[in-house]
Enquirer: 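Let me give you the structure first, and then I'll get to my questions.
In listed order, ligands and their atoms are each counted from 1.
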Amino acid sequence: MWHDSVLGTVGNTPLVRINRLAEEVPCTVLAKVEFFNPGGSVKDRIGISMVEDAEEKGLIEPGGTIIEGTSGNTGAGLAIAAIAKGYRCIFTTTDKQSQEKVDVLRALGAEVLVCPTNVEPDDPRSYYSTARRLAEEIPNSIYLNQYDNDSNTQAHIETTGPELWEQTEGKITHFIAGAGTGGTISGTGRYLKEQNEDVTVVGVDPYGSVFYKYFHEGVFDHDEIYPYVTEGVGEDILPENMDFDVVDDFVRVDDKTTMQMTRRLAREEGLFIGQSCGMAMAGALQWLHDHKATLTEDDVVVVLLPDSGFRYLSKTYNDEWMRSHGFMENRTNVTVEHVLKRRPASEAVIAASPEDTLGSVIERMTEKGISQMPVLNEENEVVGSITETQILNELIASPDARDEAVENVMGDPLPVVPTSLHLEHLSSYLESGAGAVLVETNASDGAYSVITKSDLIGALAHANGNGAS
Ligand code: PMP
């Protein structure tokens, strides 16, 4: 069995259960994994349908030129369809899209014009206007306009919706997806609701896009439009393909949450997916969490994951890029408590009393392999500290130092810090003289733990790039 062209491999993408990330919710959460399409995204589906629709309507003739404004994925879908059917492609995109996407389009033989992101949609420089102008200038060309072209939504009514219905044997109860043109959520949502009107459809919007407010308040608010980093979702226009009647609720997600969830899907579920997938999943988990009381184990939630991680290697999957945008899990979220958790169950702190002799302290330090001790009095109050260096200085100064009492030699008490202290602040304590700090782990019975520089190094090395653990 074979396909006549690569177009035959579009669609019928798998549903994969989300395991770790969905542990907290009572229902089944499934991902519709669209990177299995040959062009690497959900947009292959509309590539075919928009081109075939134009052919059927006689809007394009053999050898003609397909023009489209695309964040990259629609371009790949169209380029594949154009290769199979013999058309030339010119795409306009914005300078916000990752280089990988532009490279894919060029690899598939398309010409690409990169336009500025932060201009008004009707500005002649915008990627919408540029696409329109090219279509007027180039003979036998068509501007497909995925935003307002009905065959976009239609592709999902004919493919994505029926696939989900069949794959879940009609058990799907919720469909959650991001929206760019709105084709995916509107078409899939409409089909599913036609099968079962009780299916709940939830849209996920990035902060900076207009959909969320328009859905909740019916207002197209220019002040809501501001730059965000997540690619392919959210809009500064209301596309005709965005059918708000199909949507039951809209949530929104910020860029940082999106990027971190994108990475977690890769690391914790093995799904190497793109940014808008992280956004959809973060929005979905947020919505499911907020509606936990209404969910049962019979609920089957499908979250659509539009594209592949390969398109974001230089961005979300690059530590430097993540750091420069402030998207990395902030070290300051890691607290002293995290350091303590990395240790075996805490035993009583090894402390000296003011009356102990230096000789007994040396023995205990050697036996336990430690280089400093807090000094606690009978009431368990911290009254001082004793370090290897102080003992060494005493031994050099006096041969009888072994019999000296700790209270005559000890230094200032180690600082006592709370378990909630962020590691950034902890390191400043350790750098400013004290080689260690005390943490009051049980205030009622005066139990303490000691944290040293090597504990801090261990905790930070562990937290590096992985977030708090
Ligand atoms: N995610 C990505 C990465 C996309 O490129 C797009 C399409 N712009 C979407 C999600 C949204 O899909 P739709 O246009 O069907 O709403």
Side-chain angles (χ1 to χ4, degrees), residues 31-35 37 39-47 49-50 68-78 91-94 96-98 100-102 104-105 117 127-128 144-161 175-191 201-206 209-211 215 228-244 246-247 250 253 255 258-259 261-262 265 272-284 303-312 315-316:
K32 179 77 166 156
V33 189
E34 290 293 305
F35 68 61
N37 284 302
S41 91
V42 64
K43 293 297 195 162
D44 288 2
R45 297 173 186 272
I46 76 165
S49 74
M50 291 198 299
E68 182 61 317
T70 161
S71 64
N73 287 330
T74 302
L78 284 172
F91 298 133
T92 62
T93 189
T94 63
K96 152 177 171 173
Q97 313 306 326
S98 63
E100 288 90 325
K101 287 186 182 165
V102 175
V104 168
L105 299 180
T117 308
Y127 85 120
Y128 312 97
L144 288 173
N145 186 7
Q146 57 174 325
Y147 295 94
D148 305 329
N149 187 327
D150 182 52
S151 43
N152 171 356
T153 295
Q154 201 56 37
H156 297 286
I157 293 177
E158 285 167 14
T159 70
T160 323
F175 176 65
I176 306 184
T181 64
T184 305
I185 195 165
S186 307
T188 312
R190 190 183 307 168
Y191 178 88
V201 176
V202 180
V204 186
D205 206 24
S209 159
V210 295
F211 294 148
F215 174 82
Y228 54 91
V229 175
T230 307
E231 295 176 31
V233 276
E235 282 305 333
D236 50 3
I237 54 168
L238 291 176
E240 281 174 26
N241 275 308
M242 184 63 234
D243 179 0
F244 289 94
V246 169
V247 184
F250 243 103
V253 177
D255 281 332
T258 287
M259 301 309 160
M261 183 56 77
T262 303
L265 275 163
F272 182 50
I273 42 65
Q275 296 173 343
S276 66
C277 309
M279 183 198 74
M281 187 57 71
V303 184
L304 187 131
L305 305 185
D307 70 353
S308 158
F310 285 112
R311 305 254 151 104
Y312 308 90
K315 292 188 168 180
T316 313

Enquirer: Regarding atom 15 (O) of ligand 1: of the candidates T188, I185, T184, which has the closest heavy atom?
Expert: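 When every heavy atom of T188, I185, T184 is considered, T184 comes closest to atom 15 (O) of ligand 1.
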Enquirer: Any N or O on G182 sitting closer than 3.5 Å to an N or O of ligand 1?
Expert: yes
Enquirer: Is the backbone of T70 close enough, under 3.5 Å, to the side chain of T93 for a donor and an acceptor to pair up by distance?
Expert: yes
Enquirer: Would you say CZ of F310 has more than 12 non-hydrogen atoms from neighbouring residues, nucleotides or ligands within 6.0 angstrom?
Expert: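 Open.
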Enquirer: Do the charged groups of R311 and E231 touch, with an N to O distance under 4.0 Å?
Expert: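 Salt bridge absent between R311 and E231.
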Enquirer: Which of these, G232, G274, P239, has its nearest heavy atom closest to atom 8 (N) of ligand 1?
Expert: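 Looking at heavy atoms only, G232 sits closest to atom 8 (N) of ligand 1.
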Enquirer: Nearest protein heavy-atom contact for atom 16 (O) of ligand 1: which residue, which atom, what distance?
Expert: G180 N, 2.7 Å
Enquirer: Please work out whether the ring planes of Y127 and Y147 are parallel, tilted or perpendicular, with thresholds of 30° and 60°.
Expert: perpendicular
Enquirer: Closer than 4.0 Å to some heavy atom of T181 - which atoms of ligand 1 meet that?
Expert: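 That gives atoms 13 (P), 14 (O), 15 (O), 16 (O) of ligand 1.
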Enquirer: Within the structure, is a non-hydrogen atom of Y312 found at a distance of less than 4.0 Å from ligand 1?
Expert: yes
Enquirer: Do we see a donor-acceptor contact under 3.5 Å between the side chains of Q154 and S151?
Expert: no
Enquirer: Before signing off on this row, confirm whether A179 and ligand 1 have an N or O atom pair separated by under 3.5 Å.
Expert: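 In this structure, A179 places no N or O atom under 3.5 Å from an N or O of ligand 1.
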Enquirer: Ignoring hydrogens and angles, state whether a donor on the side chain of Q146 or T74 is under 3.5 Å from an acceptor on the partner side chain.
Expert: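 Distance-only check passes for Q146 and T74.
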Enquirer: Just to check, does D307 reach to within less than 4.0 Å of ligand 1 when the distance is taken from its heavy atoms?
Expert: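 Yes.
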Enquirer: May I ask you to decide whether R45 forms a salt bridge with E34, counting only side-chain N to carboxylate O separations under 4.0 Å?
Expert: yes
Enquirer: With heavy atoms of G183 as the reference, note each atom of ligand 1 found under 4.0 Å away.
Expert: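 Near G183, the atoms of ligand 1 are 15 (O), 16 (O).
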Enquirer: Using a 4.0 Å cut-off to any heavy atom of N73, which atoms of ligand 1 qualify?
Expert: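 Listed by number with element, the hits are 2 (C), 3 (C), 4 (C), 5 (O).
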Enquirer: What part of K43, side chain, backbone, both or neither, has a heavy atom within less than 4.0 angstrom of ligand 1?
Expert: side chain
Enquirer: Does any N or O atom in S276 lie less than 3.5 angstrom from one in ligand 1, N or O only?
Expert: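 The answer is yes, given that S276 and ligand 1 share an N or O pair closer than 3.5 Å.
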Enquirer: Between E235 and Y128, which heavy-atom pair has the shortest distance, and what is it?
Expert: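 Minimum heavy-atom separation between E235 and Y128: OE1-OH, 3.1 Å.
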